[in-house]
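What follows is a short report on a single structure.
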Amino acid sequence: MNKPLVCMTLTGKTLEEDYKLVKKYEKQIDLVELRADCLNEDEQLYIKRFPALIYLPCILSIRRDIDGGRFNSGEFSRTNLFGRALAFANPDRSRNYAYVEFEDDFQIPSIQDAAMAFGVKIIRSYHSINENLINIKEICDSMRKTGYEIPKIAFRPSNLKDVATLFKESQSMFKYEHIVTAIGLQGQPSRILAHLTGSYLTYVSPGELEENTAELGHTTPETLLNLYNFRELNENTKLFGIAGWPLQKAPAVQILNKGFKERNYNAISLPIRSPVIRENLYFAEQLDFNGLVIREPFHESVIYYLKEKAHEVDLVGACNTIIRRNSKWAGFNTEITGFRTALTEFLGDTKIKRKKVALLGAGSSAKAVAYVLWQLGAKVCIFNRTLENAQILAEKYGFKYSPLDPSSVTLLDEYSTLIIQTTTVGSDLQDGDIKEVDPISFYNFRGDELLFDLIYSPAITPLMRRASLTGCRTSNGKKMMEYSTHEQYKLFTGDYYNS
């Protein structure tokens with residue numbers, strides 16, 4: 001089978017808008033899909049002209065609303081549009097549509113015959129927009145009524161296991177051209193790893209129209225080609241994942257893939273999303289992933305599934321990296337090294353041994369931070385909204401603990417030589433009261449405190465901004481994240497990150 005083609009979906013309101021996007025991205029893509037259902041109604045009358053305007057093969061799609069499209073004027077009108085677009089074809093086939101997509105239940109012999117007579121390939125599609133689909137191969141086989149048609153299946157998975165099933169079933173479909181894809185962010189691996197499903201093509205969307213296809217899980221052409229190195233992926237490419245939920249952002253993908261590319265290491269990292277850690281592991285096992293970066297909320301729950309654990313995982317009770325060894329998972333924690341390196345840089349000549357330090361939060365990242373502070377000999381008080389969790393972590397190292405609320409402001413002031421913020425408060429900024437995004441809004445900075453906030457997006461949190469205005473020196477968690485990911489790269493490849 002040939003490598004999958006990159007097809008850019010055009011969902012502009014006018015043909016001119018779509019034409020300009022083709023011109024902008026034509027060097028990055030192999031063909032385009034004109035979604036005529038997204039055009040203004042008056043523009044739909046002129047879709048026959050579009051292929052002659054561009055220098056790439058074009059798929060004509062008029063997607064019905066029941067299939068996730070925007071065409072709702074009835075089948076009679078839609079059939080007429082297909083007819084207008086395909087009739088009286090140009091003798092120069094490059095000026096006609098190269099493909100037309102008909103749904104499996106669209107059986108109009110005259111339209112189909114016209115397409116075949118003019119050399120237009122038929123993509124026979126089945127969309128399951130709102131529910132999972134089983135028996136993918138069986139459905140594709142049934143749609144492939146002639147050797148001329150390319151069966152296409154697009155379905156919305158109910159979980160990550162369904163996406164793994166798509167990969168498994170597609171392995172027996174390599175004898176004929178087909179298009180298979182899972183819809184949504186959970187299904188995104190089926191687009192990035194299309195070479196493993198044997199899919200004839202994979203769909204992308206221009207960044208200018210991302211909002212039109214956001215729910216489908218499309219990436220942009222630049223993302224697919226540059227971040228995921230799509231053209232170079234093959235059966236020997238090693239796979240690594242970023243497992244978390246909801247995993248809106250995954251900076252480790254950029255860092256790891258940059259490292260792979262600079263070292264000419266045939267590997268790729270990509271996000272895999274599930275609210276259940278076992279599903280992430282199942283997916284990774286089915287596709288033979290070599291390792292995973294573990295993100296929230298799985299730093300603790302993943303430990304149950306580890307056959308081997310590095311000493312630091314047992315020490316802190318949290319794991320953020322796993323690798324596959326002899327069909328079993330081995331776990332590590334690179335946040336310890338990441339935080340210690342970043343904190344040392346931030347402190348410079350300042351020593352915190354026997355200094356009083358406030359640790360805000362008692363979650364999985366706080367566990368790694370607490371361990372490093374204990375190693376450095378700091379006197380620590382852990383402040384947390386759930387006092388019981390603060391107590392459990394504090395007693396492990398002989399630290400003090402207190403509620404994270406105004407009642408502890410005097411104690412916080414006492415332990416404020418260095419304040420380390422590990423909660424998620426301030427990472428997802430919304431309009432409203434600043435108190436909602438500042439975990440210690442009740443505390444008045446003097447100006448001589450040091451503040452280290454583990455959040456790195458946004459780069460400056462409301463807490464950091466407030467501290468800086470009084471003269472405090474602050475740092476976000478970007479360096480910690482980068483150093484932690486560099487350690488993960490080393491675990492995955494056995495080599496140092498080339499930064």
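No experiment lies behind these values; they were computed from the predicted model shown. Position 1 is the first residue of the sequence, and the numbers go up from there.
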Item checked: Between Q488 and T321: side-chain donor-acceptor atoms closer than 3.5 Å -> yes
Next item on the list: Nearest 0.5 Å please: distance from the CZ atom of F106 over to the CZ atom of R124.
Entry: 8.5 Å
Margin query: Determine whether N2 and Y200 satisfy the following criterion, side chain to side chain donor-acceptor pair (under 3.5 Å), listing intermediate values before the conclusion.
Written below: CA-CA 8 Å; N2 295 324; Y200 182 65; over 6 Å; no
Item checked: Pairs touching residues 216-235 that satisfy salt bridge (Lys or Arg N to Asp or Glu O under 4.0 Å), sequence neighbours left out -> D30-R231
Next item on the list: Measure from the side-chain N and O atoms of T165 to the backbone N and O of K161, and report whether any donor-acceptor pair falls under 3.5 Å.
Entry: yes
Check: Looking just at side-chain N and O atoms, do N257 and N226 make a donor-acceptor pair shorter than 3.5 Å?
Finding: no
Margin query: I need the single residue from E101, E103, E177, H178 that forms a side-chain contact (heavy atoms from CB on, under 4.5 Å) with I123. Which is it?
Written below: E101
Margin query: Quick one: does any side-chain atom of T237 pair with a main-chain N or O of N266 as donor and acceptor, under 3.5 Å?
Written below: no
Checklist line | Derivation of the side chain to side chain contact (heavy atoms under 4.5 Å, CB included) call for L39 and K13 | finding: CA-CA 4 Å; L39 293 168; K13 293 182 179 180; 6.0 Å; no
Check: Looking at R70 and N212, what are the two nearest heavy atoms and their distance?
Finding: NH2-OD1, 3.4 Å
Notebook entry, point to check: Hey, is K20 close enough to E17 for a salt bridge, meaning N to O under 4.0 Å?
Noted result: no
Checklist line | Charged N-O contact under 4.0 Å between E149 and K121 | finding: no
Note to self: Evaluate Q188 against T219 for side chain to side chain donor-acceptor pair (under 3.5 Å), listing each step before the verdict.
What the structure shows: CA-CA 8 Å; Q188 200 172 72; T219 65; over 6 Å; no
Check: What distance do L166 atom CG and I136 atom CD1 have between them, rounded to the nearest 0.5 Å?
Finding: 4.5 Å
Check: Roughly how far apart are F167 CZ and D162 CG, rounded to 0.5 Å?
Finding: 12.5 Å
Next item on the list: Please step through side chain to side chain contact (heavy atoms under 4.5 Å, CB included) for the pair I440 and F383, ending with a clear verdict.
Entry: CA-CA 10 Å; I440 52 173; F383 299 84; over 6 Å; no
Next item on the list: Enter the distance from F332:CZ to I294:CD1 here, rounded to the nearest 0.5 Å.
Entry: 12.0 Å
Check: Which one of Q186, H127, E215 satisfies the side-chain contact (heavy atoms from CB on, under 4.5 Å) criterion with R156?
Finding: E215
Margin query: Classify the ring geometry of F452 against F346: parallel below 30°, tilted from 30° to 60°, perpendicular beyond 60°.
Written below: perpendicular
Next item on the list: State, to 0.1 Å, how close C58 and L34 come at their nearest heavy-atom pair, and which atoms those are.
Entry: SG-CB, 4.0 Å
Margin query: Checking side-chain polar atoms at under 3.5 Å, does E487 have a donor or acceptor matched by the opposite partner on Y483?
Written below: no
Note to self: Consider side-chain contact (heavy atoms from CB on, under 4.5 Å). Of I242, N280, L247, which one does I272 pass it with?
What the structure shows: N280
Note to self: Within this structure, what is the NE2-CD1 distance for the pair H218 and I183, rounded to the nearest 0.5 Å?
What the structure shows: 8.5 Å
Next item on the list: Mark yes or no for whether R144, through its side chain, and I139, through its backbone, hold a donor-acceptor pair below 3.5 Å.
Entry: no
Donor-acceptor pairs are to be reported for all side-chain atoms of residues 300-312 against protein atoms at under 3.5 Å, with residues two or more places apart or in another chain.
| from | atom 1 | to | atom 2 | distance (Å) |
| --- | --- | --- | --- | --- |
| E300 | OE2 | K367 | NZ | 3.1 |
| E308 | OE1 | R325 | NH1 | 3.1 |
| K309 | NZ | D314 | OD1 | 3.1 |

Next item on the list: Classify the side-chain pair T223/T220 by whether it contains a donor and acceptor separated by less than 3.5 Å.
Entry: yes
Checklist line | R78 with E75: basic N within carboxylate O range, under 4.0 Å | finding: yes
Item checked: Presence of salt bridge, E285 and R278, under 4.0 angstrom -> yes
Checklist line | Sequence-distant partners of E279, salt bridge (charged side-chain N to carboxylate O under 4.0 Å, His left out), two or more places apart | finding: none
Margin query: One pair to check against ring-ring contact (aromatic ring centres under 6.0 Å, His included): Y97 and F50. What are the steps and the verdict?
Written below: CA-CA 8 Å; Y97 285 98; F50 191 71; 7.4 Å; no
Item checked: Ring-ring centroid check F240 F260, cutoff 6.0 Å -> yes
Notebook entry, point to check: Do you know which two heavy atoms are closest between L31 and Y99, and how far apart they sit?
Noted result: CD1-CE1, 3.8 Å
Notebook entry, point to check: For K238, does the NZ atom have more than 12 heavy-atom neighbours from other residues, nucleotides or ligands under 6.0 Å away?
Noted result: no
Item checked: I192 and its side-chain contact (heavy atoms from CB on, under 4.5 Å) partner, picked from L227, N229, L270 -> L270
Note to self: Return the CG to OG distance between N476 and S457, rounded to the nearest 0.5 Å.
What the structure shows: 9.5 Å
Check: Is the ring centre of F230 less than 6.0 Å from the ring centre of Y228?
Finding: no
Next item on the list: Determine, step by step, whether D37 and N72 satisfy the side chain to side chain donor-acceptor pair (under 3.5 Å) criterion, reporting the C-alpha distance in whole Å, the side-chain angles of both residues, the deciding distance to 0.1 Å, and the verdict.
Entry: CA-CA 9 Å; D37 53 293; N72 56 12; over 6 Å; no
Margin query: For S170 and T197, which I'm curious about, is there any donor-acceptor pair between the side chains at under 3.5 Å?
Written below: no
Check: Is a donor on one side and an acceptor on the other found under 3.5 Å between the side chain of T461 and the backbone of M464?
Finding: yes
Margin query: Could you tell me if E482 and S484 have a donor-acceptor pair between their side chains, going purely by distance under 3.5 Å?
Written below: no
Next item on the list: In plain terms, say whether E33 and R63 are close enough for a salt bridge, that is, a side-chain N and a carboxylate O under 4.0 Å apart.
Entry: yes
Item checked: Greater than 12 external heavy atoms within 6.0 Å of Y265's OH -> yes
Next item on the list: Give a yes or no on this: more than 12 heavy atoms of other residues, nucleotides or ligands lie within 6.0 Å of atom NZ of K478.
Entry: no
Check: Do F102 and F82 have ring centroids that are under 6.0 Å from one another?
Finding: yes
Check: What are the two closest non-hydrogen atoms of P206 and Y25, and how far apart are they?
Finding: CB-CE1, 3.6 Å
Notebook entry, point to check: For the residue pair Y497 and Y489, does the interplanar ring angle fall in the parallel (under 30°), tilted (30 to 60°) or perpendicular (over 60°) class?
Noted result: perpendicular
Item checked: Side-chain (D438) to main-chain (P462) donor-acceptor, under 3.5 angstrom -> no
Check: What is the minimum heavy-atom distance between R35 and G68, and which atoms define it?
Finding: NH2-O, 4.1 Å
Checklist line | Electrostatic pair D67-R64, nearest N-O below 4.0 angstrom | finding: yes
Note to self: Tell me whether the count of non-hydrogen atoms from other residues, nucleotides or ligands lying under 6.0 Å of OH in Y126 goes above 12.
What the structure shows: no
Margin query: Has N326 got a side-chain atom pairing as donor or acceptor with K328's backbone, closer than 3.5 angstrom?
Written below: no
Checklist line | Y148 versus V120, closest heavy-atom pair with distance | finding: OH-O, 2.9 Å
Check: Does T386 reach the main-chain N or O of E388 with its side chain, forming a donor-acceptor pair under 3.5 Å?
Finding: no
Next item on the list: Before giving the answer on side chain to side chain donor-acceptor pair (under 3.5 Å), spell out for S205 and T9 the whole-Å C-alpha distance, their side-chain angles and the decisive distance to 0.1 Å.
Entry: CA-CA 5 Å; S205 289; T9 298; 4.9 Å; no
